[in-house]
Amino acid sequence: MKMKKYILFFITTFFALKINSQTSTEIIPNPNDSRVITTGVPFLLIASDARAASMGDMGVATSVDTYSQFWNPSKYVFSETKSGFGLSYTPYLSKLVNDISLGNLTYFNRINERSAFAVSLRYFSLGEIEIIQDEFSQALIEKPNELTMDISYSLRLADQFSMGVALRYLRSDLRIQAVDETAKAASSYAVDISAYYQGEEQTYGDVDGRWRAGMIIQNLGPKIKYDESGSETFLPTNLRVGGGFDFLLDQYNKVAVTAEVTKLLVPTPPLYGTFTDYIDNNQNGLFDEGDEQSGNSYTGIVDGQSTDVDFLSGVFQSFSDAPGGFSEELKEFTWALGAEYVYDDSFALRAGYFNESEDKGARKFLALGAGFKFSGTRVDLSYLFSASKVPSPLENTLRFSLTFDFGSNSYLEY
């Protein structure tokens, strides 16, 4: 009897292994899958002030100005001006329409030698949308828009180093209430954490100069949800790191060069494919002539990781989840180079270049700009030239910024 039991166990195990070895899965990746990272409220990634725009959309490590609220609020404690107010205007898709634009209002104030605060409002208008139900109905006008309201506080921890934190409220009103009466604006909140270093003036050979460096994690907050039944969307959380050097040629002339890299801290979309179960009759590990399909087909992740995670997990996952491995992770970094010439703090010429991988959005552009200051009022202009095969919505667009300084030279640099 024992021998029969062993034989029966052997036969059962053999057939079980035989069946498993004949059943396999064919995976057909979808070649059309895009792994460009997309987020909610993407207007937060648009440079709204002309100075930063003219240097290739950078500002984390440039010298302080009124619009540092968006780029790095830690810089405010290095301002020689007591306070400032700025407003800027950026036309968007100006080649197609004339009523889509981004506006920015910013106010900052140095509380004392060591601290400062700032408040700002960014408003993105998508213009007017005319909705006509039929030829007998009166046209309905909708004005979708998005906005953010920020407040920041920065503290000087050492003579050359400061840190700051900003709290942001986001509101996105894109759903058309005329079509869906239950439509409501989506909202969320986020924080920024920043740091800034500005060295003392030193002599380097025949030229005096100083180093600058900065970093910021922006838009760190919960996902935004546009409707109860829809899925949640990541905010454009990103990391900016930059550094630069000021060549202080003489009392009146200064040339500043700056470099910056940025990475979205949002999970990369995985590579999806069709999984088909089949019976491998010839046991060659391939689905070919002679094999038969079992009838089970489903879509799943071929490579990469699921993006169905919370925003904090998404931040850590974003550094190692690209299906293409480390080489693809590198493509998710954008970089920019910028230069600024300033004469007597009253006139400035600027230029910059921005680069993004062809596989991750293909944004490439050259920017030029200028600034003029008189009696505490500063006017900045910028103009963008696209260098990519993909047209930029800001191509050939002239942007304006206006700044009013109050209490100039109220503070020393150190």
Side-chain angles (χ1 to χ4, degrees), residues 47-68 70-72 75-76 78-81 84 86 88 90 106 160 196-214 240-262 335-355 364-387 394 396-405 408-409 412-414:
S48 59
D49 67 286
R51 183 193 178 211
S54 63
M55 290 192 288
D57 284 12
M58 67 161 59
V60 73
T62 55
S63 58
V64 59
D65 64 9
T66 299
Y67 301 99
S68 297
F70 175 72
W71 301 101
N72 188 345
K75 298 191 293 184
Y76 281 127
F78 288 90
S79 172
E80 297 181 36
T81 301
S88 64
T90 301
T106 302
Q160 292 84 38
Y196 182 68
Y197 168 83
Q198 181 171 284
E200 293 186 4
E201 181 181 333
Q202 298 183 32
T203 300
Y204 299 89
D206 297 331
V207 179
D208 291 341
R210 65 185 172 201
W211 291 96
R212 294 173 280 100
R240 296 181 186 272
V241 179
F245 187 80
D246 294 335
F247 294 89
L248 307 175
L249 305 180
D250 55 40
Q251 182 180 356
Y252 300 103
N253 296 276
K254 180 181 77 172
V255 175
V257 292
T258 309
E260 182 175 312
V261 294
T262 304
W335 57 268
L337 297 173
E340 179 182 47
Y341 165 74
V342 180
Y343 174 75
D344 197 23
D345 197 33
S346 58
F347 172 72
L349 288 175
R350 307 180 183 106
Y353 178 77
F354 179 92
N355 183 84
K364 302 175 190 292
F365 58 81
L366 174 69
L368 299 175
F372 311 89
K373 183 180 179 181
F374 48 91
S375 301
T377 302
R378 185 187 303 274
V379 178
D380 292 301
L381 310 172
S382 73
Y383 196 78
L384 184 147
F385 303 89
S386 179
L394 292 167
N396 301 327
T397 297
L398 187 63
R399 291 188 256 189
F400 304 88
S401 292
L402 186 63
T403 303
F404 302 94
D405 294 331
S408 298
N409 302 318
L412 298 176
E413 286 186 357
Y414 302 106

Between Asn253 and Tyr341, is there a side-chain heavy-atom distance shorter than 4.5 Å? yes

Between CG on residue Asp250 and CG on residue Asp344, distance to nearest 0.5 Å: 10.0 Å

Which heavy atom of Asp405 sits nearest to which heavy atom of Thr403, and what is that distance? OD1-CG2, 3.6 Å

Nearest heavy-atom contact between Gly199 and Gln160 is CA-CG, 4.0 Å

For Ala61, does its backbone N or O pair with a side-chain atom of Arg212 as donor and acceptor, under 3.5 Å? yes

Tell me whether Tyr252 at atom OH has more than 12 heavy atoms from other residues, nucleotides or ligands lying less than 6.0 Å away. no

How long is the straight-line distance from OH of Tyr197 back to CZ of Phe78, given to the nearest 0.5 Å? 9.0 Å

How long is the gap from CZ on Phe347 to NZ on Lys373, to the nearest 0.5 Å? 15.0 Å

What's the verdict on side-chain contact (heavy atoms from CB on, under 4.5 Å) for Phe404 and Thr66, showing C-alpha distance, side-chain angles and the deciding distance? CA-CA 9 Å; Phe404 302 94; Thr66 299; over 6 Å; no

Report yes if the side chains of Ser63 and Arg51 come closer than 4.5 Å at any heavy-atom pair, otherwise no. yes

Grab the two heavy atoms, one from Arg399 and one from Ala47, that are nearest each other, plus how far apart they are. NH1-O, 2.7 Å

Roughly how far, to the nearest 0.5 Å, is the CD atom of Glu340 from the CG atom of Asp246? 8.5 Å

Are Phe365 and Tyr353 close enough that their ring centres sit under 6.0 Å apart? no

What is the ring orientation for Trp211 with Tyr204, classed by angle as parallel under 30°, tilted 30 to 60°, or perpendicular over 60°? perpendicular

Is the closest side-chain heavy-atom distance between Leu368 and Phe385 below 4.5 Å? yes

CG (Asp208) and CZ (Phe247) are apart, to the nearest 0.5 Å, by 12.0 Å

Which atom pair, heavy atoms only, marks the closest approach of Tyr67 to Ser401? OH-CB, 3.7 Å

Compare every heavy atom of Thr62 with every heavy atom of Met55, then report the nearest pair and how far apart it is. CE-CG2, 3.8 Å

Looking at Lys75 and Gly59, would you say the former's side chain and the latter's main chain have a donor-acceptor pair under 3.5 Å? yes

Look at the side chain of Glu260 and the backbone N and O of Val60, then say whether any donor-acceptor pair between them is shorter than 3.5 Å. yes

Looking at every heavy atom in both Asp49 and Asp65, which two are closest together, and how far apart are they? OD2-OD2, 4.4 Å

Holding to salt bridge (Lys or Arg N to Asp or Glu O under 4.0 Å), I want the full list of residues that pass it with Lys254, two or more places apart in sequence or in another chain. none

Flag the pair Leu384 / Thr397 as yes when at least one side-chain heavy-atom distance between them is below 4.5 Å, and no otherwise. no

Answer yes or no: is there a side-chain heavy-atom contact under 4.5 Å between Leu248 and Glu201? yes

So, does Ser88 use its side chain to make a donor-acceptor pair with the main chain of Ser48 at under 3.5 Å? yes

Mind listing the side-chain donor-acceptor pairs of residues 376-383 below 3.5 Å, one per line with the distance, residues two or more places apart or on another chain?
unit_1	atom_1	unit_2	atom_2	d
Asp380	OD1	Arg350	NH1	3.0
Asp380	OD1	Arg350	NH2	3.1

